[in-house]
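These numbers were taken from a predicted model, which means no experiment stands behind them. Note on naming: letters A, B, ... go to the chains in the order of the sequence lines (proteins, then strands), and numbering restarts at 1 for each one.
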Amino acid sequence: MPTSDAAQQLYTALAQIPEGCVITYGQLARLAGRPGAARWAGSLVRKLPKDSQLPWHRVVNASGCISLPPDAGGREQKQRLLNEGVQFTGERIKLSQHQW
DNA sequence: ACTCTGACCCGGC
DNA sequence: GGCCGGGCCAGAG
C-alpha cells in the first residue's frame with residue numbers, strides 16, 4: 001500500500017496490545033517500521049476516532065505519562081487504563097506495565 | 001515548493 | 001531528576 005502501509009502496521013500492532021499493558025509512541029513507531037517517527041505515530045493516534053476499537057488509550061509517551069491534556073480526553077484515557085488494571089503512581093505509569 | 005506545527009524520542013550537559 | 005538542541009514523519013497554511 002499506498003502511503004499508509006506502515007500506518008496499517010501501526011494500527012495492527014496497537015490492536016495486538018493486550019489489556020493492562022501500555023506502549024510508548026516510539027516503540028509503536030518502531031513496530032510500524034518507522035523508528036524515530038514517534039511524532040508520526042502520535043498524529044495517527046490523535047486522528048483516531050473515539051469509537052475505534054483500537055486501544056489508543058494504551059499509548060503513552062516515553063516518560064510513562066499521558067501526553068494528552070486532561071481537558072482533551074486525557075482524563076478518559078487514565079480512567080480507561082485504571083479500569084483495565086493499569087496501576088498509576090501519581091501521573092506516571094508503573095514500570096511493570098511499561099512493556100508488554 | 002516552503003514553512004510551521006504536533007497526543008514524540010534521545011543524547012548531552 | 002531537569003533543560004536544550006537535533007532528528008524523525010505527515011498534514012495544513
Using the 3.5 Å cut-off, write out each protein N or O paired with an N or O of nucleotides 5-9 of chain B and the distance between them.
| residue | atom | partner | partner atom | Å |
| --- | --- | --- | --- | --- |
| B/dG6 | N7 | A/Arg39 | NH1 | 3.3 |
| B/dG6 | N7 | A/Arg39 | NH2 | 3.1 |
| B/dG6 | O6 | A/Arg39 | NH1 | 3.3 |
| B/dG6 | N2 | A/Ser43 | OG | 3.4 |
| B/dA7 | N7 | A/Arg46 | N | 3.4 |
| B/dA7 | N6 | A/Val45 | O | 3.4 |
| B/dA7 | N3 | A/Tyr25 | OH | 2.9 |
| B/dC8 | N4 | A/Arg39 | NE | 3.4 |
| B/dC8 | N4 | A/Arg39 | NH1 | 2.9 |
| B/dC8 | N4 | A/Arg39 | NH2 | 2.9 |
| B/dC9 | OP1 | A/Ala62 | N | 2.7 |
| B/dC9 | OP2 | A/Ala62 | N | 3.0 |

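Separation of atoms CG (A/Leu31) and CG (A/Leu14) is listed at 10.0 Å; rounding is to 0.5 Å. Taken to the nearest 0.5 Å, the CD1 atom of A/Ile17 stands 7.0 Å off from the CZ atom of A/Arg58. Here the straight-line distance linking atom CG of A/Leu44 with atom OH of A/Tyr11 works out to 4.5 Å at 0.5 Å rounding.
When the P atom is used for both B/dA7 and C/dG6, the distance is 22 Å, rounded to whole Å.
The closest side-chain heavy-atom distance from A/Val22 to A/Leu81 is below 4.5 Å. Between A/Trp40 and A/Arg34 there is a side-chain heavy-atom pair separated by less than 4.5 Å.
Applying the Watson-Crick and G-U wobble criteria (two distances, each under 3.5 Å), C/dC8 pairs with nothing in any strand. In a base pair of the Watson-Crick type (N1 to N3 plus N6-O4 or O6-N4) or a G-U wobble (N1-O2 and O6-N3), with each distance short of 3.5 Å, C/dG1 is matched with no nucleotide.
For A/Arg80, the side-chain contact (heavy atoms from CB on, under 4.5 Å) partners two or more places apart in sequence, or in a different chain, are A/Trp56, A/His57, A/Glu76.
Among the protein residues, A/Arg92 comes within range of the sugar-phosphate backbone only, with heavy atoms under 4.0 Å from sugar or phosphate atoms but none that close to a base.
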